[in-house]
Amino acid sequence: MRLLLATVMISAMNAIMFNVVLPQIGDEFGLTLAQASWLSSAYTLLYAFGTVTYGKLADRFQLKSLLTFGLSLFAAGSLVGLLSQSFGIALLARCLQAAGAAAVPAMALIIPARYFPREKRGSAIGMTATGLALGGALAPVVSAAVVSVASWRWLFLPSLLMLALLPLYRRFLENEPKEERSRPFDWLGGSLLAASVTLLLLGVTNRSWLYVSCGVAAVLLFIVRIRRAEHPFVQPRLFRNRAYAVGLTLAFLIAGIGVSLYFLTPIMLSDVYRLDSAWIGFAMVPAAAASSILGRKAGKLADRKGNAYLYAVGSACLIGCFALLSVFTGISPVWIAVFLMFGNVGQSFLQIAMSNSVSGSLPQDQTGIGMGLFSMISFIAQGMAAGVYGIAAAQGASANWNPLLAGPDGALYSNVYLVLAAAHVVLLTVYRLRLRKGRPSVAVPLSPARE
């Protein structure tokens, strides 16, 4: 798990570091910011679909084999990017990185679910959440440090170091018996799911009803395919699992709301406070550091007092954060940085609680695809929500909905944060009504090889 924590940290850093240097890359190659942003957009699209693909393959192949392939491809993409001399090659490198790195979030959820009994699974998931938070905290710092003394291409170097972790994974992960290798892989179903993800994300982020319509059509075709195929990409019975379906829906909404902390808040700090990128990054670091420090403690708390307790604590932190942001938008940015600490910690707690709840609702033979879908749905929500928040920021606000707003500016952001606080009140109610449980009474085997 310590090895997995380090891997998740490097993967999270790689996903975020390039966002800081997109303007610099655009200037070097004579591109607009929208064109340069394809380094991030293409990465996100492949990353989102890749997680569920690796999850599906994890039900058929050894985890050590999938990680060997994924981390090797990740390192190969990093080497290509380090040597790139054109934007096309840099984009190819990011695509290769995404195709390989997608194994990391899938394995980060599957390994705790498969190797740990349920009463200890929260601590394991908490360690992966800690790695994610550490990567988020270190990414802007590392990115700023690298580009201050060298070319942005050197941002590919930390990911190349992933190769050093492979011998350790092959040593620690057991050989698992697999019974599904003889079954054909549903490439058509997988392709329809990939098309659905891509078209829906492009439709929302580009405000194109054509893409959205095509995405919905692809979703419908995917549903038809998995209902008729003998060995579908996703078993329809997975969605008939009510606890899993509700958990997936809540995870989608939680991720969509949570991305406002990382996407909308920097826009607010720039728009209302006129801070430059360096100061915005500095304001975000304490929040990421707080969630990294408390992530493992949250996992242990879930093991001791149950997922419902952890969810309630995390929800209270997020409701408080959004309520305070709604009231005090426009005051000193130091206070905004303090409020963000509550928000990031709450988001981390909710992610751990939901991962634990969803993994406990899955049968052993569906863990891979189930947790892969769980991871994918979060990335889709983040991509769509970022597009929605961007549209909202561009539209502005004609009225202030919060009479307690302290600052003279920022009515738009105050309104959005007020809505998000209310949304979390609703989600907490739904969770307590539909998924509230203590620790499951039956533990999965510690090792699938000895099942």
(request) Please work out which of the three classes, parallel, tilted or perpendicular, describes the rings of F339 and F328, given edges at 30° and 60°. (result)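 Judged by the thresholds at 30° and 60°, the geometry between F328 and F339 is tilted.
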(request) Look at the rings of W152 and F29 and say which category their plane angle falls in: under 30° parallel, 30 to 60° tilted, over 60° perpendicular. (result)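 Perpendicular, since the angle between the ring planes exceeds 60°.
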Side-chain touch [X]/[Y], heavy atoms, less than 4.5 angstrom:
X    : Y    : value
S361 : V246 : no
L166 : S72  : yes
L238 : L373 : yes
T130 : M9   : no
I257 : F322 : yes
W38  : R94  : no
S291 : Q347 : no
V104 : L71  : yes

About how many Å separate [atom2] of [Y] and [atom1] of [X], when rounded to the nearest 0.5 Å?
X    : Y    : atom1 : atom2 : answer
M371 : I111 : CE    : CD1   : 12.0 Å
M376 : Y54  : CE    : OH    : 15.5 Å
L96  : F74  : CG    : CZ    : 11.0 Å
L39  : I25  : CG    : CD1   : 5.0 Å
K297 : L310 : NZ    : CG    : 13.5 Å
Y169 : T68  : OH    : OG1   : 10.5 Å

(message) Could you check whether K56 pairs with D186 (Lys NZ or Arg NE/NH1/NH2 to Asp/Glu carboxylate O, under 4.0 Å)?
(response)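 Answer for the salt bridge query: no.
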If I compare all heavy atoms of [X] with all of [Y], which pair ends up nearest, and what's the gap?
X    : Y    : answer
M107 : P112 : O-CD, 4.0 Å
L45  : T198 : CD2-CA, 3.8 Å
T51  : A106 : O-CB, 3.5 Å
S332 : Y273 : C-CE2, 4.2 Å
I110 : A58  : CD1-CB, 3.7 Å
L350 : Y311 : CD1-O, 3.5 Å

(request) List the steps, then state whether side-chain contact (heavy atoms from CB on, under 4.5 Å) holds for T128 with S355. (result) CA-CA 11 Å; T128 63; S355 298; over 6 Å; no
(message) L193 vs T53, test: side-chain contact (heavy atoms from CB on, under 4.5 Å). Steps then yes/no.
(response) CA-CA 10 Å; L193 181 60; T53 302; over 6 Å; no
(message) Donor-acceptor check, side chain of S208 to backbone of G203, threshold 3.5 angstrom: yes or no?
(response)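 Pair absent, no side-chain N/O of S208 close to backbone of G203.
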(request) Check for a donor-acceptor pair, side chain of T329 on one end and backbone N or O of L325 on the other, with a separation under 3.5 Å. (result)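 Yes, the answer is positive, given that a donor and an acceptor are paired below the 3.5 Å cut-off.
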(request) Would you kindly say whether Y431 and S357 are connected by a side-chain donor-acceptor distance under 3.5 Å? (result)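 Yes.
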(request) Verify whether one side chain among T265 and Y417 offers a donor that lies under 3.5 Å from an acceptor in the other. (result)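 On atom types as modelled, these side chains qualify, holding a pair under 3.5 Å.
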(request) Evaluate side-chain contact (heavy atoms from CB on, under 4.5 Å) for M17 paired with V146, printing each intermediate quantity in order. (result) CA-CA 10 Å; M17 284 192 301; V146 169; over 6 Å; no
(message) For W187, give me all partners under ring pair (Phe, Tyr, Trp, His ring centres under 6.0 Å), at least two apart in sequence or on another chain.
(response)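 In terms of ring pair (Phe, Tyr, Trp, His ring centres under 6.0 Å), with neighbours along the sequence ignored, W187 is linked to F185.
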